[in-house]
Amino acid sequence: MKDIDVIERSRAGARQKISARNVQVRYGHTAAIKNVSVDIAADTVTAFIGPSGCGKSTFLRCLNRMNDTIDTCRVTGEIRIDDEDIHDPKVDPVQLRAKVGMVFQKPNPFAKSIYDNVAYGPKIHGLARTKAELGDIVKVALEKAALWDEVKDRLDSPGTGLSGGQQQRLCIARAIATAPQVLLMDEPCSALDPIATAQIEELIHDLRRNYCVVIVTHSMQQAARISQKTAFFHLGSLVEYGDTDQVFTAPRDSRTESYITGRIG
Amino acid sequence: MTPPAHSLLKSDDRTRRRRASEARFRACGLAAIGIAALALAVLLTSVLANGAGAFRQTYIKLQIPLPEASLDKAGQRDPAAMAKVSTFGYAALLHAALLDRIAALQIETELADQDVAAMISKEAAATLRDHVLANPHLIGGMAAMDVLAAGRIDGYFKGRVTLKSAAMDGNTSPQALQLARKLADADVIETRFNWRFLTAPDASDQRPEAAGLGVAMLGSLYMMLVVLALALPVGVAASIYLEEFAPRSRISDLIEVNISNLAAVPSIVFGILGLAVFINFAGMRQSSPLVGGLVLTLMTLPTIIISTRAALKSVPPSIRDAALALGASRMQAVFHHVLPLAAPGILTGTILGLAQALGETAPLLLIGMVAFVRDYPVAYSDTAGLFGDAATALPVQVFNWTQRADPGFAERASGAIITLLVFLAVMNTAAILLRRRFERRW
Ligand SMILES: Nc1ncnc2c1ncn2[C@@H]1O[C@H](COP(=O)(O)OP(=O)(O)OP(=O)(O)O)[C@@H](O)[C@H]1O
Ligand SMILES: [Mg+2]
């Protein structure tokens, strides 16, 4: 198991998907992210950890420019995906977001049927030519998100009628249905029971083969289980970034050590 | 065993005081609701008591001979020639028919013939004339017709006029009322549901019994169509732009404040604006439902914008985020996800705005909708254009009738208020039902 990871990691290390340089984010006059530079590899799961309010979500939202939707939010610095500057005036955030999918911290299904929730992305991006194709995309996405068995008989019922954990998996299915290259997940398992969590972790494990996954989590165990790289944020700065094994077993910064041993947080 | 120091079975002073203040507050609340309910009950009973009569009308059933000699001397049934016979000619026929009827029934009366004739509404002759001109084949035979009784006779059967009040009334007399009673016993006079009140146009000062709401309702309908067609799309588009697209800036803040201010502008100001802009400047026709609708649109817009924006605001931002994060454009996020969720709120706001517009009087007075209109306005005509025909409106008709001297019009005014209230109640119920229906879907 370990060996495979090591092999995969060395292979993954070859290609950078995302590179951020000197990223700063301010909400009005308060700085939420201070001078963060990081390279995120393709075909890798990268975990963002850190105490509440340290800016993990904020940084994640920079990667698909969701911060544009917040009036007070100002992002400076450079973020490149596949070596293209995402802040280039020629870049349409709509295309960027089709490429960089996101699962939010709180489940936010549309007030539409389960089927329509998942089918919406493929529909607006024209990913399916026929109804049957669309149905297949929906089915595969729901299966990957470990929700298919629970909802296959009621695809027409509203997505908002599902339980919190089911809603979160629906949102995951919705995000992967558009076939993004990068998947940003903001605490996707915070509302899930251990079984569903295990299923999602399995999904993330599978996704890694084709996707670049960035996941925010408060669970050290989860970060250790599923990620190959870990970034530790503290008070808006990136304190430590390295291989997950190294960060958890031999942290270089004392703040990282305090956090993972439970002294900050 | 010693009881605990703080027994739960006994309330302490603090708790008692809190309870007492809560009880006082509840009593105040109940009293407030009681006052409101009482006011509503008084309002409704007084309007219903005064206005119910307008929905019933007294008719005299007559067999009217239509001699060719007096109606169509030439005998050619030429409409132009027949139209030369004025309502006086027909009135004489009606009077004769009534006198004949009384004689045939062998009812004794000390009333002079012209006083008997006065029991028939002045409107009846015109109605008969229209009837005959429309059906010329009747001439030479008999027409069976239920003609309107005069206002005082009508009032007698509804309890508005009594023998005592008739004694001091120049327009009727106790003898006339007694004769009417006998005719009613003989089944010649009948009081029944009054469809004419809902369909007929207004009538002149001496003929309250003939006045109806037809023109006013048509005018109100046309205006509501104008308001709906203009205020809804403009209001919703403005709200969507302000709420979802406009960047937060000084200017958008200023616009927002001014829309709120606009909602507080007295409606008569919109009337002055309408008079100055639409009639004097743009040269649109006075008293036309188009101008009325435009003025009411201006008045309703802020209401619709405010309620639409509230409805849009109440859609959780996470829904927009979800759509945007999937790569939807802003417009797609709004039209696919936000607007459907906001629709019940928008709809409710619009219907309430329309209801407000339906009941508005003051601005319409200024643009001339208070005029006396007897011709049904048409929606489109070549001379007047779309909604350009002169019309009145329901609330203006109420105002108009309360200004008139004949007590018969007071009853009509209350009847018109009932009609207006029914429309408002229907609209508000529709708003509630629509809201429920849409909300139940999710
Ligand atoms: N919309 C916003 N407007 C203003 N300030 C914000 C906004 N969103 C976040 N912040 C601030 O930015 C900082 C970082 O917030 P962020 O949500 O990124 O934290 P986080 O690391 O994701 O925390 P958690 O683990 O609790 O989700 C916080 O101090 C927060 O108060
Ligand atoms: Mg967060």
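Below, read A as the first sequence line, B as the second, and so on, with proteins coming before strands; counting in each chain starts at 1. Every value quoted in this text rests on a predicted model; they were computed, and no experiment measured them.
- Heavy atoms of B:Arg320 lying under 4.5 Å from chain A are absent altogether.
- Here the side chains of A:Ile33 and A:Tyr27 are not in contact, with every heavy-atom distance at 4.5 Å or above.
- Between the side chains of B:Asp321 and B:Ser318, no donor-acceptor pair is found at a separation under 3.5 Å.
- Residues of residues 129-142 of chain A never come closer than 4.5 Å to chain B when only heavy atoms are counted.
- In terms of the salt bridge (Lys or Arg N to Asp or Glu O under 4.0 Å) criterion, residue partners of A:Asp116 (sequence neighbours excluded) are, by chain and number, A:Lys123.
- Residues B:Ile305 and B:Leu262 are not in side-chain contact: their nearest non-hydrogen atoms beyond the backbone lie 4.5 Å or more apart.
- Within the 4.5 angstrom heavy-atom criterion, no atom of A:Val103 approaches chain B.
- Although no hydrogens or angles enter the test, the distance criterion places no donor-acceptor pair under 3.5 Å between the side chain of A:Asp156 and the main chain of A:Tyr115.
- With a threshold of 4.5 angstrom between heavy atoms, A:Phe110 approaches chain B through its backbone and through its side chain.
- For A:Pro109, the part lying under 4.5 angstrom from a heavy atom of chain B is the backbone only.
- Within the 4.5 angstrom heavy-atom criterion, only side-chain atoms of A:Thr178, from C-beta onward, approach chain B.
- Within a 6.0 Å sphere centred on NZ of A:Lys106, other residues, nucleotides and ligands contribute 12 heavy atoms or fewer.
- Remark: A:Arg209 does not engage A:Asp43 in a salt bridge, criterion side-chain N to carboxylate O under 4.0 Å.
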Practice task
Might you work through the side chain to side chain contact (heavy atoms under 4.5 Å, CB included) test for A:Ile124 and B:His336, ending with a clear yes or no?
Solution key: CA-CA 10 Å; A:Ile124 57 172; B:His336 295 164; 4.3 Å; yes
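- Formation of a donor-acceptor pair under 3.5 Å by the A:His125 side chain with backbone atoms of B:Leu326 is found in this model.
- Chain B forms the most heavy-atom pairs under 4.5 Å with one residue out of A:Lys99, A:Met102, A:Met66, and that residue is A:Met66.
- Proximity to chain B involves both the backbone and the side chain of A:Arg174, based on heavy atoms less than 4.5 angstrom apart.
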